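Please read the structure below before turning to the comments.
A quick note: this is a predicted structure, and the numbers were derived from the prediction, not measured. Below, chain A is the first sequence line, B the second, and so on; all start at residue 1.
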There are 2 protein chains.
Amino acid sequence: MINQYKEQLKEHNLKLTDKRLKLIEVLAGDEKYMSAKEIQSKLADYFPTISYDTIYRNLHTLTDIGVFEQTSLDQEMHYKIACVTHHHHHFICERCGVTQVVEYCPVEKWQNELGDVKLNSHKVELYGYCEKCA
Amino acid sequence: MINQYKEQLKEHNLKLTDKRLKLIEVLAGDEKYMSAKEIQSKLADYFPTISYDTIYRNLHTLTDIGVFEQTSLDQEMHYKIACVTHHHHHFICERCGVTQVVEYCPVEKWQNELGDVKLNSHKVELYGYCEKCA
DNA sequence: TCCTAATTCGTAATCATTCTGATTAAACTA
DNA sequence: TAGTTTAATCAGAATGATTACGAATTAGGA
Ligand SMILES: [Mn+2]
Ligand SMILES: [Mn+2]
Ligand SMILES: [Zn+2]
Ligand SMILES: [Zn+2]
């Protein structure tokens, strides 16, 4: 499954660096939203001196090509590995960031209600505490 | 209608200051999400030296008591006057921040789908360009 | 192996937001 | 109305996330 991400990098002419691969590994290994700080602390096990510039740059780059998805929580951007299957949304634990899939999305009803206005995107996020954190 | 906000301040033992009243006036006068910077530039007409501390403090305070509502756009918190009628969401213009009401909200379907997990809150935001900005 | 553009590094800068300690003023009381 | 109390404001420093920059390194192709 990591190979699929290597593909995506190649498709966009991005080099396969050790930092990028480990970054993907970290996010792919935990289905939750993580802050840059959390991510750097996980990467620090492998690259103790990795630059924040590298982390932020790659979070942006990989979000741009659809490997990650992002959301703003508590004034900080958080990232998770992207869901590539079908359109859906997430429940997000406000304590630990862990996510749970939410299938139902009435985007066509919303588009109907809006009429002419063109919908570029939409955000649906459900918040609460996961079973562990409750 | 400004009187209703004065009530709310009194109910929470908050003083009626000139800054607070003008802040409410500014947000109530334009049904859109505004950043702290935008807000301070509007307030500057009346209070050229108003402190950012005053702006941020009051944005928080008034959001806490339900006078304003907030959302994070582009890494910046944005505020608008709260909708006090019934539960609903908004379409938000990505250029100018103007909002349009979206009535349909399937929160009970989502709660059903989630089962046990307790839902604390939810965010639904539809993005695009308003007629003016399109 | 060599070249070159992309990537990373270390660090400084930026920008939104928060904090602090001193000053002001709203609201209550006499 | 004057006095008292305490919340609110102010100016400016501090914080914390994010971005920028010039120099050094490296992936990937020739
Ligand atoms: Mn998902
Ligand atoms: Mn709703
Ligand atoms: Zn949790
Ligand atoms: Zn607009």
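Atom CD of B/Q40 and atom CG of B/D45 lie 9.5 Å apart (nearest 0.5 Å).
Using a 4.5 Å cut-off on side-chain heavy atoms (C-beta onward), A/K118 and A/N120 make contact. Within the 4.5 Å cutoff, no side-chain heavy atoms of B/H90 are placed close to those of B/V102. No side-chain heavy atom of A/P106 sits under 4.5 Å from any side-chain heavy atom of B/K109.
Not counting sequence neighbours, B/Q75 has no partner by the side-chain hydrogen bond (donor to acceptor under 3.5 Å, both in side chains) test.
Contacts between chain A and DNA chain C, taken as any atom within less than 4.0 angstrom of a protein heavy atom, begin and end at C/dA5 to C/dT18.
Positionally, the nearest nucleotide of DNA chain C for B/H78 lies more toward the 5' end than for the other of B/H78 and B/L14.
The side chain of A/Y56 contributes an N or O atom lying less than 4.0 Å from OP1 or OP2 of D/dT18. Distances shorter than 4.0 Å separate none of the side-chain N or O atoms of A/T17 from OP1 or OP2 on D/dT26.
The stretch residues 22-53 of chain B touches DNA chain C through B/A36, B/K37, B/D53, each having a heavy atom within less than 4.0 Å of the strand. DNA chain C lies under 4.0 Å from at least one heavy atom of each of the following residues of residues 65-77 of chain B: B/E76, B/M77. Sorted by residue number, the members of residues 57-64 of chain B with any non-hydrogen atom under 4.0 Å from DNA chain C read B/H60.
Terminal axes of the helix from C/dT1-D/dA30 to C/dA30-D/dT1 (five pairs each, C1' rotation axis) are separated by 30°, to the nearest 10°.
Salt-bridge formation is not detected for the pair A/K6/A/E11: no Lys NZ or Arg NE/NH1/NH2 atom is positioned less than 4.0 Å from an Asp or Glu carboxylate oxygen. Residues A/D30 and A/K80 are not paired through a salt bridge, judged by the lack of any N-O separation under 4.0 Å between the basic side chain and the carboxylate. In summary, A/E38 and A/K32 engage in a salt bridge, as defined by a charged side-chain N under 4.0 Å from a carboxylate O.
Residue B/Y46 places its OH atom among 12 or fewer non-hydrogen atoms of other residues, nucleotides or ligands, all under 6.0 Å distant. Atom NZ of B/K123 sits in a crowded spot, with more than 12 heavy atoms from other residues, nucleotides or ligands closer than 6.0 Å. Annotation for A/N112: atom CG counts as buried by contact number, over 12 foreign heavy atoms lying within 6.0 Å.
As rounded to whole Å, 15 Å separates atom P of D/dT25 from atom CG of A/D18. As a whole-Å value, the separation of A/I55 CD1 from D/dA17 C1' is 12 Å. Taking atom NZ on B/K15 and atom P on D/dT6, their separation rounds to 10 Å, with Å as the unit. In this structure, B/K19 atom NZ and D/dA7 atom C1' are separated by 14 Å, rounded to whole Å. Look at NZ on A/K6: it is 13 Å from P on D/dA27, rounded to the nearest Å.
Judged by distance alone, the side chains of B/E125 and B/T71 do bring a donor and an acceptor atom under 3.5 Å apart. Between the side chains of B/R57 and B/T54, a donor-acceptor pair is found at a separation under 3.5 Å. Between the side chains of B/Y127 and B/E94, no donor-acceptor pair is found at a separation under 3.5 Å. Side-chain contact annotation: A/H89 with A/E103, donor-acceptor N/O pair under 3.5 Å absent. A/Y5 and A/E7 are not linked by any side-chain donor-acceptor pair at a separation below 3.5 angstrom, with hydrogens and angles left out of the test.
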